[in-house]
Trainee: 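Starting off with a structure, shown below.
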Amino acid sequence: MISCSCHLSNKKHALTTTHSITAASKHNLRLYTQQSEYNVELIEIVEGSGTSILNDVKQIYKDEFSEVLKEYNEGKRADRQIKDYLKYASDSKKNDVAAEVILQIGDKEFWGQKTIEEWKAMTPLLKEQLEAFKAAVPEFKVASAVIHFDESSPHMQVVGVPVASGYQRGMKKQVAKTKVFTKERMERLQGLLHDQAEKLIQEHPEIFGDETLKPKEKGRNNDMSKEFYIRMKQKQYEEISEEITKLEVERDNLVEVKNEIAKATNKIVDEAVERIADTEMKKEFMRYATLREPKTGIGKLVSGAFRKFKQWWELNKKPVVLEEARESTLEKLRRYKKNIEDENRTKVRNIVSRRDLDR
């Protein structure tokens, strides 16, 4: 006996943010940089662009929510308006922004001995399962449907937006996985697709031979363990890789800042040390220059040079400097005296003016 599966993403595997949709897009469309585990040649795009599931979801949001969003924003203050409903739903995390369903007939044990041609013969059957699903849940707007032939069994992964209407608060129409996919509805849907699969198995003995379908298992409405486990691990790996990249960039920036600080600090220290040494050199020079009876060769050299310099200074430079200093000092005194006289004249005029007014 073979199994029939229809599983809805839930909990850790739910598409709660745009980032999780991007992760689903990489997995479903085999958009990895290195295709070590999967083969992009062994998938078939049934619905959607085949390039970005997130862009396909964005288009559905535009088609389904543009009018109600415009109506909701009308008359509201700018800070209370919703500019981008998909971003708003992703940021709020109050509801899943999309949902994913996996459709499958037959498990690894059944398909393990089949040829790739027999696997690919499942394409029209999985498409029939998808159409039955869409007819049963018209509120689920399909953004992407992809068949995988490069894993343990042929199956279809479907990403769509569950849309519910009739809200009294907020937008009249909203994304609402829990309202569209209730427990009762999932049970009915499981039964419907189980019956559909049974019919397909009977109609295609060239694929299934004399196999029969297992009875429907109660409570198996959520999470296809292997597929979603792989997705979760891939998502975790990507998040960890992104975090590592960010940390490496921060580390490199910190190292660069540290090196710049060290370089600037060394420059400041070197300049300070150089100034101290220069000051000490000048002090030492003056000590040698003012020695009355130098004993060492350097003392005699500096003292002799200083005496000659002083003679030149007294004869040539000092008279000029004294004259300039005297003129500068006298000019400052003249300006000071003039300011005092101007202030006194102003005070006298003010006194006279007040007396005239008193008369």
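We number each residue from 1, following the sequence as shown. Just so you know, these numbers come straight off a predicted model, no measurement behind them.
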Trainee: Return the set of residues passing side-chain hydrogen bond (donor to acceptor under 3.5 Å, both in side chains) with D84 (not counting sequence neighbours), or none when no residue passes.
Mentor: none

Trainee: Is it true that R275 and T279 share a donor-acceptor pair across their side chains at a distance under 3.5 Å?
Mentor: no

Trainee: Taking a hydrophobic cluster as the set of Ile, Leu, Val, Met, Phe, Trp and Tyr residues connected by side-chain heavy atoms closer than 4.5 Å, whether directly or through intermediates, do I116 and V46 fall within one such cluster?
Mentor: yes

Trainee: Under a 3.5 Å threshold, yes or no: a donor from one side chain and an acceptor from the other, between N28 and E100?
Mentor: yes

Trainee: Taking it one step at a time, do E71 and K172 satisfy side-chain contact (heavy atoms from CB on, under 4.5 Å)?
Mentor: CA-CA 9 Å; E71 182 181 347; K172 292 182 179 178; 2.9 Å; yes

Trainee: Kindly check if the number of other-residue, nucleotide or ligand heavy atoms within 6.0 Å of CD (E74) is above 12?
Mentor: no

Trainee: Could you give the distance from NZ (K177) to CG (D96), rounded to the nearest 0.5 Å?
Mentor: 4.0 Å

Trainee: Mind checking side chain to side chain contact (heavy atoms under 4.5 Å, CB included) for K76 and listing every partner two or more places apart, or none if nothing turns up?
Mentor: Y72, Q81

Trainee: Which one of L291, I298, T290, T296 satisfies the side chain to side chain contact (heavy atoms under 4.5 Å, CB included) criterion with P294?
Mentor: L291

Trainee: Would Y167 end up clustered with M171 when hydrophobic side chains under 4.5 Å apart are linked, directly or stepwise?
Mentor: no

Trainee: Quick test of your reading: applying side chain to side chain donor-acceptor pair (under 3.5 Å), list the pairs with at least one residue in residues 248-257, sequence neighbours left out, ordered by first then second residue.
Mentor: none

Trainee: Pairing donors with acceptors under 3.5 angstrom, does anything connect the side chains of D63 and Q59?
Mentor: yes

Trainee: Not counting sequence neighbours, which residues clear side-chain hydrogen bond (donor to acceptor under 3.5 Å, both in side chains) with R292? List them please.
Mentor: none

Trainee: Remaining members of Y336's ILVMFWY cluster at a side-chain heavy-atom cut-off under 4.5 Å?
Mentor: I340

Trainee: Output side-chain donor-acceptor pairs under 3.5 Å for residues 106-113, partner residues at least two apart or in another chain, one line each.
Mentor:
from	atom 1	to	atom 2	distance (Å)
D107	OD1	E109	N	3.3
D107	OD1	F110	N	3.1
W111	NE1	I105	O	2.9

Trainee: Are F285 and F306 an aromatic pair by the rule of ring centers under 6.0 Å?
Mentor: no

Trainee: Once side chain to side chain contact (heavy atoms under 4.5 Å, CB included) is applied, do any residues pair with P124, and if so which ones, sequence neighbours excluded?
Mentor: none

Trainee: Test of understanding: with side-chain hydrogen bond (donor to acceptor under 3.5 Å, both in side chains), list the residues that count as partners of D79, not counting sequence neighbours.
Mentor: R77

Trainee: Ring pair (Phe, Tyr, Trp, His ring centres under 6.0 Å): which pairs involve residues 73-105, sequence neighbours left out?
Mentor: Y61-Y85, F65-Y85

Trainee: Just to verify, what does Q196 make a side-chain hydrogen bond (donor to acceptor under 3.5 Å, both in side chains) with, not counting sequence neighbours?
Mentor: none

Trainee: Quick one: name the residues clustered hydrophobically with V257, using the 4.5 Å side-chain heavy-atom rule over I, L, V, M, F, W, Y, and just say none if it's on its own.
Mentor: I261

Trainee: Starting from V269, walk the hydrophobic network (Ile, Leu, Val, Met, Phe, Trp, Tyr; side-chain heavy atoms closer than 4.5 Å) and list everyone else you reach, by chain and number.
Mentor: V273

